[in-house]
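Before any comments, here is the structure.
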Number of protein chains: 2
Amino acid sequence: MTLSREQVVAGAYSVLQEQGLGGLSMRRVAQHLGVQPGALYYHVPSKQELLAEIASRILAGAPGPTDDPRRAARDLRSALLGARDGAEVVSFVHAFRPDALTTLATLPALFGGLAPREATWAARALVHYVLGFVAEEQNHAELVRLGVLAEDTSDADEAFEFGIGAITTGAAGPR
Amino acid sequence: MTLSREQVVAGAYSVLQEQGLGGLSMRRVAQHLGVQPGALYYHVPSKQELLAEIASRILAGAPGPTDDPRRAARDLRSALLGARDGAEVVSFVHAFRPDALTTLATLPALFGGLAPREATWAARALVHYVLGFVAEEQNHAELVRLGVLAEDTSDADEAFEFGIGAITTGAAGPR
DNA sequence: ACCTGAACACCGTTCAAGT
DNA sequence: ACCTGAACACCGTTCAAGT
């Protein structure tokens, strides 16, 4: 029953759920797996690579098959909300290794009415918005959980919808 | 010539320019000032607080006086580009202490044609876009600087303009 | 009041040595 | 091949003791 890469990733994922991104250290993953920290490096080259693996799992299957950018944005949001600090993890990986997030590369194709470079700009705007929105959303939820912020019945869904509506129609229409 | 809060912030700012956010540690700031790490805590309560101070300096005077959301977005971008890793620093502070960035709180007023809550949604979309866009822009520049990415003559200005155009007109018009 | 010295409780990563 | 033990070079923060 020797360790595998799968188990390391799974262990890291569950530490993420329990402790959040701030509590996700290689040493804690090792502890969670009952192994010494050095052992992880036999299966994974670095913490960054491990996070990239986790990020692509968070986004696995999102967006689903669709040709509607709004639906794609909603899929992305649900996927991010599915993991603790999901948006923060994906943003981090998106920053230093954008190519690891293959699922995001498909977005420009959804802006069929636009010239190619405009379609990539529209997709980037949408991704920045979704990542920023959900990061703020999850961060806020965390602060509420810690009691440092009051529970506010924010219209998160409505606010999110407003933003993707603005970006998608604004990108398509005249500016 | 005893140390002051100003000097600590200034020291941190210049470490930021020289080393980037990843190299900005309390110990390095202390070293830069020729002092022991513990001395900093007499003038600043924590690293987070220090970063908040830096972030508000990065945004100082941005956006300038204007009633055009597009112009405000451009001002924000220039201000962020004015400091190494500026977008990353401001994003970080925006996440855990949004109230420290008073300048961003004025943005909803620029969407005069909208109902109040829609104006705040529009402002949030714009901020997420600007922060995400510039963070990617600066990160990319950094990777080029390190030689890990090829120098690409990207139409950054044009791409940025496309995004703010989409968001502002999309927010104003029918969705 | 302000700073030093030294510690506490952590990090990511490497690598000889064991099995 | 896979893991341990132990180290290296770091962190942020605290706090007695000095001046």
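Below, read A as the first sequence line, B as the second, and so on, with proteins coming before strands; counting in each chain starts at 1. None of the values given here were measured: they were computed from a predicted structure.
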With no hydrogens and no angle check, is any side-chain donor or acceptor of [X] less than 3.5 Å from a backbone partner on [Y]?
X	Y	value
A/Gln48	A/Val93	no
B/Thr103	B/Ala62	yes
A/Gln138	A/Ala87	yes

Among [options], which nucleotide sits nearest the side chain of [X]?
X	options	answer
A/Arg28	D/dC11, D/dG12, C/dC11	C/dC11
B/Lys47	D/dC3, D/dT13, C/dC3	D/dT13
A/Tyr42	D/dG12, C/dC3, D/dC3	D/dC3
A/Arg27	D/dC11, D/dC3, C/dT13	C/dT13
B/Ala39	D/dT4, C/dT4, D/dC11	C/dT4

- Map every base of DNA chain D to its dot-bracket character, where paired means a Watson-Crick or G-U wobble contact with both distances under 3.5 Å and | marks a partner outside the strand. ||.|||||...|||||.||
- Can the ring centroids of A/Phe133 and A/Phe160 be said to lie less than 6.0 angstrom from one another?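 Yes; A/Phe160 has its ring centre under 6.0 Å from that of A/Phe133.
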Phosphate contact ([N] OP1 or OP2) by [X] side-chain N/O below 4.0 Å:
X	N	result
A/Ser46	C/dG12	no
A/Gln36	D/dG5	yes
A/Thr2	D/dC3	yes
B/His43	C/dA1	no

- Could you give the CD-to-P distance, from B/Gln31 to D/dC11, as a whole number of Å?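 Computing the B/Gln31:CD to D/dC11:P distance gives 9 Å.
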- Query: How close or far is atom C1' of D/dC11 from atom CE of B/Met26, stated in whole angstroms?
  - Reply: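 In whole Å, D/dC11 C1' lies 11 Å from B/Met26 CE.
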- Query: Are the charged groups of B/Asp157 and B/Arg74 less than 4.0 angstrom apart, N to O?
  - Reply: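 The answer is no: the pair does not qualify as a salt bridge.
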- Going by atom types alone, do B/His128 and A/Glu136 pair a side-chain donor with an acceptor below 3.5 Å?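 There is such a pair between these side chains.
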- Task: Any side-chain hydrogen bond (donor to acceptor under 3.5 Å, both in side chains) involving residues 19-40 of chain B? Give me the pairs, sequence neighbours left out, ordered by first then second residue.
- Result: B/Ser14-B/His32
